[in-house]
Amino acid sequence: MLTKEMLRLGLPELYTHRVRLRQLRAEDYPALERMLSDPLVIRYVNRIRKPVYVRMRRLVAQIKVAGDSLDSLHFAVEWHRGDTRADNGVDASDDTEIAKGFPSSQLLGIASFQQWNEGTGEAKLGYILDRPFWGQGLATEIVEVMLKFGFESLKLRRIEGRCQEDNQASVRVLVKNKLRLLRSIRSYDPSGEVPSVLVFSITQGDYA
């Protein structure tokens with residue numbers, strides 16, 4: 001079981017068939033800021049009614065603070081391009097057509113366990129992909145390997161995933177990975193422009 005104290009030395013690398021998840025580093029932030037400056041990318045990330053730049057700066061600051069304290073675990077997502085060092089049972093030697101034309105070090109997105117509580121064994125799962133990588137099944141792979149890490153390495157008891165009601169792509173990703181819809185959190189915005197949030201969950205027992 002990995003503890004917060006152990007992870008102060010660094011996060012492990014995780015692999016799917018196409019991507020590597022590694023610790024988010026300071027040099028990743030310019031690319032992260034560019035990615036989150038895309039109105040379509042940040043559209044589903046938070047619900048505050050502010051200009052895109054303000055939302056981006058606020059989100060990046062939150063990521064930095066929570067990551068430094070290990071209240072959240074933030075992974076950068078990139079192509080692994082034939083790296084065979086995977087320690088989670090995935091053969092990382094296959095190249096794919098989808099990765100061709102992109103540098104292996106390019107930031108594709110981030111994946112996170114937010115509000116990680118060691119005492120209760122709970123965390124919230126989050127992920128963001130840059131727009132060129134939407135619709136290619138990457139989010140499903142990323143969520144799968146994050147659940148494996150959460151339940152098998154962190155020994156979490158419950159993982160929660162949230163998405164806006166109109167983000168049907170994320171709904172499909174969570175359902176594919178066996179998360180169950182628990183409830184809907186309605187917005188109190190009188191304009192009706194801020195969507196409700198769907199709360200999904202999976203327990204250790206469901207995963208096993």
### Query
Atom CG in Asp130, atom CG in Leu138: separation rounded to 0.5 Å?
11.5 Å
### Message
Could you tell me if the side chain of Phe133 sits less than 4.5 Å from the side chain of Gln106, heavy atoms only?
### Response
yes
Please list, one pair per line, the donor and acceptor atoms closer than 3.5 Å that link side chains of residues 69-76 to other protein atoms, with sequence neighbours excluded.
{"unit_1": "Ser69", "atom_1": "OG", "unit_2": "Val65", "atom_2": "O", "d": "3.3"}
{"unit_1": "Ser69", "atom_1": "OG", "unit_2": "Ala66", "atom_2": "O", "d": "3.1"}
{"unit_1": "Ser69", "atom_1": "OG", "unit_2": "Asp71", "atom_2": "N", "d": "3.3"}
{"unit_1": "Ser69", "atom_1": "OG", "unit_2": "Asp71", "atom_2": "OD2", "d": "3.0"}
{"unit_1": "Ser72", "atom_1": "OG", "unit_2": "Gln115", "atom_2": "N", "d": "3.4"}
{"unit_1": "His74", "atom_1": "ND1", "unit_2": "Ser112", "atom_2": "OG", "d": "2.6"}
{"unit_1": "His74", "atom_1": "NE2", "unit_2": "Ile63", "atom_2": "O", "d": "3.4"}

### Over 12 non-hydrogen atoms of neighbours within 6.0 angstrom of OH in Tyr29
yes
### Message
Using modelled atom types and a 3.5 Å cut-off, is there a donor and acceptor pairing between side-chain atoms of Arg157 and backbone atoms of Thr120?
### Response
yes
### Summary
Between the CH2 atom in Trp116 and the CD atom in Glu122, the distance rounded to the nearest 0.5 Å is 13.5 Å
### Query
How close do Thr16 and Val145 get, heavy atom to heavy atom, and via which atoms?
CG2-CG1, 3.9 Å
### Task
Taking the side chain as every heavy atom from C-beta outward, state whether Leu2 and Pro12 have any atom pair closer than 4.5 Å.
yes
### Task
Return yes if some donor-acceptor pair links the side-chain N/O of Arg131 with the main-chain N/O of Leu40 below 3.5 Å, else return no.
no
### Main-chain N/O of Leu21 paired with Glu78 side-chain donor or acceptor, under 3.5 Å
no
#### Entry: Reported CG-to-CG distance for the pair Leu174 and Leu125, which is rounded to 0.5 angstrom
7.0 Å
### Query
Is it true that a side-chain atom of Gln136 and a backbone atom of Pro132 form a donor plus acceptor pair closer than 3.5 Å?
yes
### Query
Should Leu108 and Leu59 be regarded as members of a common hydrophobic cluster, given that ILVMFWY residues are connected when their side-chain heavy atoms come within less than 4.5 Å of each other, either directly or indirectly?
yes
### Message
I want to check something: taking the side chain as every heavy atom from C-beta on, are Ile202 and Arg180 in contact at a cut-off of under 4.5 Å?
### Response
no
### Query
Does a side-chain N-to-carboxylate-O contact under 4.0 Å join Glu33 and Arg57?
yes
### Query
Measuring from Arg162:CZ to Ser184:OG, what's the distance to the nearest 0.5 Å?
10.5 Å
#### Entry: Hphob cluster co-occupancy, Tyr44 + Val199, side-chain heavy atoms under 4.5 angstrom
no
#### Entry: From CD (Glu118) to CG (Leu156), nearest 0.5 Å
9.5 Å
### Task
Decide yes or no for Trp79 and Arg18: does some side-chain heavy atom of the first lie under 4.5 Å from some side-chain heavy atom of the second?
yes
### Message
Counting neighbours of NZ on Lys178 that are heavy atoms of other residues, nucleotides or ligands and sit closer than 6.0 Å, is the number greater than 12?
### Response
no
### Task
Without swapping roles, check the side chain of Asp38 against the backbone of Met35 for a donor-acceptor pair under 3.5 Å.
no
### Query
Is Gln23 atom CD crowded by more than 12 heavy atoms from other residues, nucleotides or ligands, each under 6.0 Å away?
yes
### Message
Between Ser201 and Arg158, is there a side-chain heavy-atom distance shorter than 4.5 Å?
### Response
yes
### Task
Can you label the angle between the Phe113 ring and the Phe149 ring as parallel, tilted or perpendicular, going by 30° and 60°?
parallel
### Query
Any sub-3.5 Å donor-acceptor pair from Gln204's side-chain atoms to Phe151's backbone N or O?
yes
### Query
Could you state the interatomic distance from CZ (Arg58) to CD1 (Ile42), rounded to the nearest 0.5 Å?
10.5 Å
### Pair Arg22 + Glu13: basic N to acidic O under 4.0 Å
no
### Task
Please step through side chain to side chain contact (heavy atoms under 4.5 Å, CB included) for the pair Tyr127 and Val143, ending with a clear verdict.
CA-CA 8 Å; Tyr127 58 90; Val143 169; 3.6 Å; yes
#### Entry: Residues Asp166 and Arg43 bridged, charged N to O under 4.0 Å
yes
### Message
Given 3.5 Å as the limit, does a donor-acceptor pair link the side chain of Glu27 with the main chain of Leu24, or not?
### Response
no
### Task
Indicate yes or no: at least one non-hydrogen side-chain atom of Met1 is less than 4.5 angstrom from one of Leu154.
no
### Task
Side-chain contact test, heavy atoms from C-beta onward, threshold under 4.5 Å: evaluate it for Val52 versus Leu36 and give yes or no.
no
